[in-house]
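Have a look at the structure below, then the notes.
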Amino acid sequence: MIHRLLAVLSFVFLCVGTASAEPLKWGGPIGSQTSDGYNALGPVVKQPIEFPHYRHARDMGISCLYCHTGARRGYVSVIPRIDKCIGCHQNIESVRNKPRIKKLFEYWEKKEPIPWKKVNDLPDYVRFNHERHVQRFYFRQNRPIREVCGYCHGDVANMTVDRRVKSLSMGWCISCHQKDHRENDVSMKTSHGPYECWQCHK
Amino acid sequence: MINTFEERDVAVEKRFIHKEKDIREDIAWAQINKDVLKSLERPRMLFWVIFIASLALFMVGVSCEIYQYQTGMGVANLDNPHVWGLYIGTFIFWIGMSHSGTLLSAILHIMHADWRKPIYRFAEAMTTFSLMTAGLFVMVHLGRVWQFYYVVAYPNERWTWPNFQSPLVWDATAIFTYLTSSMIFLYIGMIPDLAICRDNATGFRKSFYTFLSLGWMGTDRQWANFRVTYLTVACFLIPLAVSVHSIVATDFAVSQQPGWHITSFPPYFVAGALYSGCAAIITLFIVLRYVFRFEEYMTMPILEKTAKLTFAIAMVWTYLNLVEYSSTWYGDDMYAKQALIYRATGDFAPYWWMMNFLGSVVPFTLAFKRIRNNIPAMLVISILLNVGMWLERWMIVSPTFANGIYPWTWDHDQWPSLVQWGIVAGSFGWFNMLFMLFCKIFPSVSMYEVKEMVYHRSLVRKGTEDATQINPELAVEGGIAS
Amino acid sequence: MSITNLLNNWSFYRNKRPYRGQYDLNKEYSEYKWAMALDLDICTGCNACTTACYAENNLPVVGKKRFHHGQVMHWIRIERYWDEKMVDFPEQGASFLPMMCQQCEAAPCETVCPVGATSHTNDGLNSQNYHRCIGSRYCSANCPYKVRYFNFWNYPSTAWPAPLPDQLNPDVTVRTKGIMEKCTFCVQRLNEAKSRARTEYRLVRDGEVVPACVQACPTSAITFGNIVDPNSKVAKMWKNQQVDLYKDLQEKDNTVRGYRILEDLRPFPSVMYMERIRDTEA
Amino acid sequence: MSESGINRRDFLKVLGLGGSSLALTGCGNTDIRSGDELIMPNVSPEDFVVPGLSVFYASTCTQCGSACGVMGRVREGRVLKMEGNPQSKISGGKICGLGQAAVQVQYNPDRLTQPMMKVGNGLQPVSWDKAMATLNEKVGPKSGIKGENFAFMTGAMSGHLKVLVQNYLDSLDSKNHFAYEALSPSIGFAANKQVYGVDMPRLHFDKAKLIVSFGSDFLGTGASPVHFAAEYAKFRKAPRGTLVQIEPKMTMTGANADRWIAIIPGTEGIFALGVANQLLKHSEFTNTVPAGIASLVSKYDPETVSQITGVRPELVGHVASLLWEKTPSIVISGASAEGHAHGVQNAVAIQLLNKILGNVGKTIDGQAKSPFPQIAPEAGSFSSLKAMNDAMGGGKLQAVFIHGANPVFTAPSFMGFRDNLRKVPFKVAFVNAADETAQECDLVLPILTAVEEFGSNIAWYQPEGVEITMQQPLMNKLYPDTRSMGDIMLDLVKQRRADEYKNWPDFFSYLKAAVINMKPAVKYTDTDEHFWYDTLSSGVIHIDAPQEQIGDSFAEAALSLPEVQNVQDPKFPFYLVPSERHYFRDGRHANCGWLQESPDPLTTIVWDSWVEIHPKTAASMGIKEGDYLEIASQNGTLKVKAYLFPGIHPDAVSIPLGQGHESLGRFANGVGVNPFTILNPVFEKDTGELAMFGTRVSVKKTSDSEIVVKDEGPVSTQMGRKLVVTLPADVAQLSKEI
């Protein structure tokens, strides 16, 4: 009898438990993605121009901050304005007739913005501050920029079109904010990121 | 020498039992089975009519809730800062209702007041169903019910916890625990009866009861385990019941609102809960007695005892109520005093006075034996008491919002909208529906306990002789439990 | 947050707040404590602050019927009181009181929120986290000032007929139905200023950032700033008016005007009001 | 910045950032996603434009005539919020709620987005080509429109647009520029002219220790509320000044007074003379005015004054002693003292106090005189409406242009303006939204709002020097089919005088050239281009012009005793006070949700009209809050809800102006009533202005009743709470404060 009782009870608990578990949203419970819990490869996004990050960042060694100028001074990292692309490319004759560059110039001549698709798209109520992270880890801790950006964005320098590689979920953010990070490259003093709601949520 | 459980029981019975004739000691056990199982037979037309009506009422509530879910809480005509309304009031009402079951089955069980035996089963069912109803109100009340799981403490992807300081988290936990415990309690207490049902059922019902009765054979070992389990769960349930309503009271008592910020709130709430629960038991007692012809079991002496109990609790409640008023009145809290005056004289004054009348004056009728023995009068009174207790909950919630600390935000125009009323009405439909289903699926009188009672009554009368000697029928058809 | 973490921080939650030294210029995450001083003598009750708040914080216009039901969403409201002893005419004018979230240090709303949607930030603000809110409305029930506003309707779908959504401030979430909201001291501005200051290895300068109401106020009746910095104007004013953030009952001279509203309930508000003056001989 | 304004607009066009523009929880993106939203980077923005960070552009607020310098907060090509421009001496970096609502005018869902033409009884959309062709046909050189048969009605106007309007009228040989403001300061101007020889003196509230205001709501609706509010704040700092307000209905300024005195409307002048009489008894004041005046006022002893004004007699002496004690003081008159048949007399009598007290030169002196008379402001008046109405009624006008005014809404019904307007064969309205006037017009042209438009403004009240405030587009135009008013005017002028204006392809280039021409006056030494950009980026041009001289002697002839007709009219026993709400003014901004929902400061009523009535009067008539009352004058009846308001004279009732629109937009239509319609034809004798406060009405209770929607709760006091604490002024030690 007692086994039956247990069976019934566990059935009840199972039902209740399933009902109260949170709906399966993106991210899911801890550990549901991959080995470290947060590596979650996003979908392949088709961009209007298949921008080769590897060409710029790896082959040419251009710093991320050269194009994404907002990352050091504002919340938004900024997709470069078209005249920035043109500024260089009008002097690079060797690739001038490549299809992707032609497309770029088409936009430029029409004076139309390029409708890039957002790859690392946080919910609208989250305000990620690029400036704070770049200032802290690049300018103060003096870590290589590709490492600093790569912590969230992955190895973009080896990608063509950017693809999301981390879950970008709240737990993932907090897991890092709770770690002690060195204040700067000389001091051994550490501090952690803030974890109060209004730092990120608006 | 006490060697067996039965002997112990007899000894105990001897000590505690009233010599009153609250049940005929010569009812044949088979007759008990027959009478009770009759209530599980194919229902009459009237049952379906009432059932469909309840279902319709419930559907009204459901559609109101769907409308509210889609449109926003505004359809309930709540406002800032009058953010709580009938939902919370009715929520407390249902929570309160749930206490009677525990009182009858657990508290009186431990106290060995065995007159509870014929009536505790439906009281327990009432406990479970009113808790389920109350739980619904928590959901209905939430602005974003689709996110309710944020209240539950479980490891999640966001690395967030609920706020353990909040009485609402205690509330959610307590209600959930109480609900599961009382469901288990109800179920455990039903196992021997389910076995009787199993033995008398055929077809689908047979396998249903077979599954639920968990192979109950009525062996000594089973009985021994059963009693220990039942007693344990009962002991567990009592503090839980008291704490649930105390916690509901702390929802109010820990807040700054005038009229809520009172230390006597927890006992006040518990008393109110038992009060409304007892009144509801009387109502259902009378209804079941009439519908299922349970006159043999739900006898007038039992009704009278329940009424006396109700009267006693009503006096406790009245006392605590007066304590609340007088401590506010003689207290130093300007806001609370103003709120009290507002209740007595403001927009809610008719309801407040009606609440006091129904809650504190009407129960005095229960002091009269003639009224206690008059079934129609008892039906009316018990319903009135429950109306009074429902009003009490509403009067705790709404006037305080309408006349709080901050005068600028006192109410402009606050009257619950049809949606609020619809959902409140729907909750009664829901409760009624569940209760009716229960009565048709499970025995609403505990057969084995009634048998026990009859047995003990006969023992008391005849000394320690074997009950079978007085009543040879008992030996036939399977003994105490089949 | 793991259980270990929760337990480690338990004492933090159980701290009696505010305690002296809670805010300190030398502590990395509590070097700010935003506070206000509001001079009721020069507030004219003109509602410029209210409108500025509507513009800055994406407050929905609810319409007459909903306003009537008390479902208006003004985070800062101007209350107008008549004198209790008024005979025929209000001979000393009206009393205007701008009332917004007081950002209490011991905020009654924070302890009761079941999901922790409202909590204290290191800057001494009482944060309201919209998407964590489940709409139990307990905070509003417990707020003595009644400055919390609940979204009773789905305003995003009704309150901004096109092209009004173009005006919405992208730094502030537009709230959907079932969410509690309230004055944030324009935290989006504060965060931006703090970020800018941190990049420049400094603290936010006094007057560098103010909420929308303060910026608009035509009489400059509201002063805003970081009270931890003893040189900020607001800190000087609090000191001058003998109002101590950490005290619940101020011992002050009769001639001094500073007070905090409903201090006897001990919420330790961050807004100091300065008494209205009337020339009794006029 | 690029070369011309057109290019500047082009760059604004490409600023649009998609995706994150709308952050709607529940509706917007609430998940972590990839590839669902767009990022549209700028093609070639200015260097200082960083997505995600705001840029502030200086401009001018045109919501009222104060011409406050403002800044527009621009993000991703959209203007989000208006702030005060600290460089402007008028606004001082502050802004009122009306100014905030400029963005709601811009994004108003009921804006007119394309030209409309009258077809049958309704307006039908047409193309700009068609519209301009019609204009050319009807008023072009070949149309025969010339001189007297053309009229251009505008609101209050200043700056270079005014020059263009003037030039256009000149090209037509027409003198019919009717600058019409329903709530114009003309009566006050006329009185000031008599007393000081100027339209508007400069008022130094901050220097005064006592302000005695006869119905002037300078904090809410005066000449420059934001500036006056700042001055008021200084006035309230140590040594704290005292404000005495004498008026029939409490205004926002009255609500801030240390002493508020209810007075029968129209008798303010008598009260002032009574005070003057008391003052002149003091030896130190006896010789301040000609002896004739002293004898003239001597008949106003307190008892007489009290009888006429309904103010307790001791208050006359009380105000006089306050004035005697607290110097310097300043005495001002406002709309409710001026809007009577004897308005100028009232105002002059009030200004007499300033003369007696010697305030002229201390708290009252001359404004700076603008060196550019052609762009000087035209404050507008009611008499121009009357003149135009007469001309239309006489059938003289063949074509009428209307810009910046809504006369069909604001003209009292006794004028029959709507019918007269219909007599004009060709009517053109230049509007942002199809208001009541536009509904009557044959051609309705959608123009740009103030935040999309270049322009220059100059206020008629200048606190310091002369400030020309510049308007520049804060964003690209929202609707492609709207056009700049300046461009249209330039096109129209070119119809007649193409040669003179051929150098300027558009209003932008015209304005730029004109502004650069001002360079010498500002003593700017850098290049023209720099001057232009400096002007745009600071938003203001400051000119340290010399002050106007104001008269300091008071001629005996100037004062004539106010002819108060204080007779009891049994049929219309109540005085009607049509009050001006500080965010509504004459009602042109009623279609902004923010303003509708901004509670009236004193009654806290929203989204409605109401009639204020004193509780005592109400009690005697059995009126409760929310009862519908019929307010009837000789010219009409309004049915409006009662609000019991202690701050009103028991013989007066007050209805706020600005509501009661039939056609302005979804937020304004059908809200409240329009008290303009029931005004009586009472005119100020000297100026011919409409006496707004000269209407008598009857009040009748109806059986209908409806709840008044207001922010205030059921109680209007603090119920013993310590919410607003009042400290007596003699206890407070303001000088020790920071």
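All of these numbers come straight from a predicted model, not from anything done at the bench. Numbered from 1 within each chain, the chains take letters A, B, ... in sequence-line order.
The two atoms that bring Glu110(C) and Asn163(B) nearest to each other are O-ND2, 3.0 Å, heavy atoms only.
No hydrogens or angles considered: a donor-acceptor pair under 3.5 Å links the side chains of Glu181(C) and Asn151(C). Looking at Arg144(B) and Tyr130(C), their side chains never bring a donor and an acceptor atom within 3.5 Å of each other. Side-chain contact of Thr121(C) with Ser127(C): a donor-acceptor pair under 3.5 Å is absent, judged by distance alone.
Interface summary for chain B: among Tyr138(C), Phe150(C), Trp153(C), the most heavy-atom pairs under 4.5 angstrom belong to Tyr138(C). For chain C, the option among Gly143(B), Pro81(B), Ala76(B) with the highest count of heavy-atom pairs below 4.5 Å is Gly143(B). Comparing Val145(B), Val75(B), Leu142(B) by how many heavy-atom pairs each has under 4.5 Å with chain C, the most go to Leu142(B). Chain B forms the most heavy-atom pairs under 4.5 Å with one residue out of Gly116(C), Ser140(C), Ala141(C), and that residue is Ala141(C). Ranked by non-hydrogen atom pairs under 4.5 Å with chain B, the options Lys177(C), Arg80(C), Arg66(C), Arg137(C) are led by Arg137(C). Heavy-atom pairs under 4.5 Å with chain C were tallied for Gln68(B), Gln70(B), His82(B); the largest tally goes to Gln70(B). Contact count versus chain C (heavy atoms, under 4.5 Å) is highest, among Val169(B), Val151(B), Val254(B), Leu78(B), for Leu78(B).
Contacts of Val72(C) with chain B are made by backbone atoms alone, with heavy-atom separations under 4.5 Å and no side-chain atom involved. Using a 4.5 Å cut-off between heavy atoms, Thr250(B) touches chain C through its backbone atoms (N, CA, C, O) alone. With a 4.5 angstrom heavy-atom cutoff, Arg148(C) touches chain B only via backbone atoms. Residue contact with chain C, scored on non-hydrogen atoms closer than 4.5 Å, is absent for Asp171(B). No part of Val138(B) comes within reach of chain C, as not one of its non-hydrogen atoms sits under 4.5 angstrom from that chain.
In Leu418(B), the CG atom is not crowded: 12 or fewer heavy atoms of neighbouring residues, nucleotides or ligands sit closer than 6.0 Å.
Trp146(B) places a side-chain heavy atom less than 4.5 Å from the side chain of Tyr69(B).
The residues Asp332(B) and Lys337(B) are annotated as not salt-bridged, no charged nitrogen and carboxylate oxygen being separated by less than 4.0 angstrom.
Partner of Trp84(B) under the ring-ring contact (aromatic ring centres under 6.0 Å, His included) criterion, out of Trp260(B), Phe137(B), Trp394(B): Trp260(B) alone.
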